[in-house]
Amino acid sequence: MKSKSDLMHVEEIYNKRGELSFRLYCSGKDTRPNRKSDYRLYVTTCHVPPECRTKKDIETFRYQCQLDWKKEVDRRSQGLSYQESDKIKFCDYAEQWVENIMIYNNEGYNYYSRCKSNLKIFKEKFGRYTLQEMTLPVIQNFCNWLCTRTYKKETITVKKSIKEVMKEKQLRFKDICTGCGISNSTLCNILTIGKHVNQDTATKLCNFLSIKFETYFDADIQELHYSKNANKCVKVMLHTILARAVKEGLISRNYASKEYIDPLKGENKTKLIFETNEEIKEFVSLVNKETDIRKQVAFFIPLNIGCRGAELTGLSWDSIDFEKNTITINKNTLYVPSFGIVTKKTKNKSSNRTVTISNNLANLLKKYKVWWDNQKEIFGDAWGVNNKLFVQDDGKDMCNATINKWLTKFEKEHNLKHVTLHGLRHTNITMQITNGVDIKTVSKRVGHGDIRTTLNIYAHYTKEADEKASALIDNLLYD
């Protein structure tokens, strides 16, 4: 709606599951204090219920929604909206806001999943509050609590192998895997002393074999504080929801804004990277000796071009131009709770990019393509039509968590520092900065939307590059 004369505008929206909703725009008087304009747009979204199956049912539902929304806007235009909002529970409003995420962005799986998780926190802390009761003291107390919250990290370690139990009960691998619902590789871990396993897996195994947990496993429990970034995500979501309520005229102020509340306290987790040339060279040397070419390629690509983990698993063979020695990044493949493994667009527009690769990486990829084509022929129809660089044995997409597991296992086997797949991306960026590559080039190669993002995250490394530049100038002038 572009003018005050457009009293009602209706927009049809379909989510990924093909479900229809109506977004209603209605013009009304703005009764909020200190507003420059007399009129504003009031917006709401109505989901078509499953029982509305015929075209006539849907039209009747849409018409009723329009009537109801026009009445509501009329009430708000009379200044009644703030009084009405004292009946709306904050958590009910927040839940509706979360469900609208997939309507506004049908590829927002990850964001939707995170918000769903954060919604549990809101229900615990704000369950009894209405929108009107989301005042400054309430929100400030919540933010103070965020900075103190902790979680338990439990590490389960195998201290005694179950091989003897298997032999005694005459059980095969297949029997245990089927009985416990675990994979062969997980069972191999359980058979190895010193390996870490999942708490649920260890418990299932003990119940299935009728053995004591403490005899075969050690449990180490640590209580850790959530990082500042994790808390910030919760606070930003709260701010966004209340900003929407302000926009709809349900409340007059957003007390989650930085102008009202104190900044969050706490520390961010340290980015683990290979910091020295010696560490990088040792890692590269060991990867070159790796016999599994999939792992060689999976580890070298992010180290060479600084891609994100989801961008790595989103790569397909048509992303690579062997004539120009370039890789084009335009997809993400990742695992999202409740949705499974999904492929979608990249993080943002600037993440779509084409980067030049070295001759060494290009040659490795050519070698990998020969291996990949051979594997596809072996698996035949099971492989399907998947053209991704990294796929499971059944031809389905692979997520970056699998490659992270490869990397963790590789580092443990060779007694290396633990660096994640994303840590290889950070290593690539710091290598570029400390070796004098200009920030604009670095930012474009790694898909940052703004060079300020690169500067803010890697400020301490740009300082190191600055010191190197000073030393270089000093040598040129006085040597």
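- K195 places none of its side-chain heavy atoms less than 4.5 Å from the side chain of I190.
- At least one donor-acceptor pair closer than 3.5 Å links the side chain of K169 to the backbone N or O of L209.
- A pairwise comparison of heavy atoms in V197 and A202 identifies CG2-CB, 4.1 Å as the closest pair.
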Carefully, step by step, assess V165 and Y216 under the rule side-chain contact (heavy atoms from CB on, under 4.5 Å).
CA-CA 11 Å; V165 180; Y216 292 88; 3.2 Å; yes
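- Proximity of a side-chain donor or acceptor of Q222 to a complementary backbone N or O of K152 within less than 3.5 Å is not detected.
- For the residue pair R149 and N231, the shortest heavy atom distance occurs at NE-OD1, 2.8 Å.
- Aromatic ring pairs are classed by plane angle as parallel below 30°, tilted from 30° to 60° and perpendicular above 60°; the pair F90 and F122 is perpendicular.
- Inter-residue side-chain proximity for F283 and V287 is flagged as met; some heavy-atom pair is nearer than 4.5 Å.
- Classified by interplanar angle (parallel below 30°, tilted 30° to 60°, perpendicular above 60°), the ring pair F390/W406 is perpendicular.
- Judged purely by atom type and a 3.5 angstrom limit, K89 uses its side chain to pair as donor or acceptor with the backbone of R128.
- The number of heavy atoms from other shown groups lying within 6.0 Å of CD (E259) is above 12.
- Considering SG of C233 and CG of N118, their distance stands at 7.5 Å, rounded to 0.5 Å.
- Within 6.0 Å of the NZ atom in K295, the count of heavy atoms belonging to other residues, nucleotides or ligands exceeds 12.
- The side-chain heavy atoms of C180 and T201, taken from C-beta on, include no pair separated by under 4.5 Å.
- Taking 4.5 Å as the limit, every side-chain heavy atom of I305 sits out of range of all side-chain heavy atoms of N428.
- Between D292 and R294, at least one side-chain N (NZ, or NE/NH1/NH2) sits under 4.0 Å from a carboxylate O, which counts as a salt bridge.
- Residues T430 and I433 fail the side-chain proximity criterion, which asks for heavy atoms closer than 4.5 Å.
- A donor-acceptor contact shorter than 3.5 Å is absent between the side chain of S21 and the backbone of T45.
- Each of E411, E279, E282 was scored for a salt bridge (Lys or Arg N to Asp or Glu O under 4.0 Å) with K417, with one residue passing: E279.
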Would R244 and N100 count as a side-chain contact (heavy atoms from CB on, under 4.5 Å) here? Give the steps.
CA-CA 12 Å; R244 183 72 185 179; N100 284 342; over 6 Å; no
Carefully, step by step, assess K388 and T313 under the rule side-chain contact (heavy atoms from CB on, under 4.5 Å).
CA-CA 7 Å; K388 298 277 182 64; T313 46; over 6 Å; no
Applying side-chain hydrogen bond (donor to acceptor under 3.5 Å, both in side chains), run through R308 and N400 and close with a yes or a no.
CA-CA 9 Å; R308 300 175 178 92; N400 57 333; over 6 Å; no
If you apply the rule salt bridge (charged side-chain N to carboxylate O under 4.0 Å, His left out), what do you find for E99 with K116, and how did you get there?
CA-CA 9 Å; E99 292 306 316; K116 267 281 195 185; 3.1 Å; yes
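- How far CH2 of W372 is from CG of L365: 13.0 Å, rounded to the nearest 0.5 Å.
- Considering all non-hydrogen atoms of both residues, Y14 and E12 come closest at OH-OE1, 3.8 Å.
- Taking 4.5 Å as the limit, some side-chain heavy atom of T420 sits within range of a side-chain heavy atom of H418.
- The OG atom of S351 sits 7.5 Å away from atom CG of N332, with the distance rounded to the nearest 0.5 Å.
- In this pair, F126 and F142 present their aromatic rings tilted. The plane angle is within the 30 to 60° band.
- For residues 352-377, the set of pairs meeting the salt bridge (charged side-chain N to carboxylate O under 4.0 Å, His left out) definition, not counting sequence neighbours, comprises E311-R353, K369-D373.
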Would L242 and L131 count as a side-chain contact (heavy atoms from CB on, under 4.5 Å) if you check the C-alpha gap in whole Å, the side-chain angles of each, and the deciding distance to 0.1 Å?
CA-CA 8 Å; L242 292 178; L131 277 171; 4.3 Å; yes
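- One side chain, T346 or N352, offers a donor N or O that lies under 3.5 Å from an acceptor on the other.
- Interatomic distance, K167 NZ to E164 CD, rounded to the nearest 0.5 Å: 6.0 Å.
- A side-chain donor from one of H47 and Q96 sits under 3.5 Å from a side-chain acceptor of the other.
- Atom CD of residue E19 and atom CD1 of residue I13 lie 13.0 Å apart, to the nearest 0.5 angstrom.
- The heavy-atom pair separating F213 from C206 by the smallest distance is CA-SG, 3.6 Å.
- Annotation for C46 and L24: closest pair SG-CD1, 4.0 Å, computed over non-hydrogen atoms.
- A donor atom on one side chain and an acceptor atom on the other are not found under 3.5 Å apart for T150 and H225.
- Residue K440 qualifies as open at atom NZ: its count of foreign heavy atoms under 6.0 Å is 12 or below.
- Ring centroid separation for the pair Y260 and Y255 comes in under the 6.0 Å cut-off.
- With hydrogens and angles ignored, the 3.5 Å screen pairs a side-chain donor or acceptor of K159 with a backbone N or O of E214.
- In this structure, N404 contributes its side chain and L421 its backbone to a donor-acceptor pair below 3.5 Å.
- By the 30° and 60° cut-offs, the orientation of the rings of W371 relative to Y368 is parallel.
- Between T203 and F217, every side-chain heavy-atom pair lies at or beyond the 4.5 Å cut-off.
- At distances below 3.5 Å, not a single donor-acceptor pair connects side-chain atoms of S285 with backbone N or O atoms of K281.
- A 6.0 Å sphere centred on CD of E413 holds more than 12 heavy atoms belonging to other residues, nucleotides or ligands.
- Of all the heavy atoms in L334 and A310, the pair that sits closest is CB-CB, 4.2 Å.
- Counting only distance, with no hydrogens or angles, the side chain of T148 and the backbone of W145 share a donor-acceptor pair below 3.5 Å.
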Listed pairs under 3.5 Å, donor-acceptor, residues 317-326 side chains, sequence neighbours left out:
from: D318; atom 1: OD1; to: S316; atom 2: OG; distance (Å): 2.5
from: S319; atom 1: OG; to: S316; atom 2: N; distance (Å): 3.2
from: S319; atom 1: OG; to: S316; atom 2: O; distance (Å): 3.0
from: S319; atom 1: OG; to: S316; atom 2: OG; distance (Å): 3.4
from: D321; atom 1: OD1; to: E323; atom 2: N; distance (Å): 3.0
from: D321; atom 1: OD1; to: K324; atom 2: N; distance (Å): 3.0
from: N325; atom 1: ND2; to: N359; atom 2: OD1; distance (Å): 2.8

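- Taking the side chain as every heavy atom from C-beta outward, K235 and I261 approach each other to under 4.5 Å.
- Taking CD1 from I241 and CH2 from W97, the interatomic distance works out to 5.0 Å, rounded to the nearest 0.5 Å.
- With hydrogens and angles ignored, the 3.5 Å screen pairs no side-chain donor or acceptor of N141 with any backbone N or O of V138.
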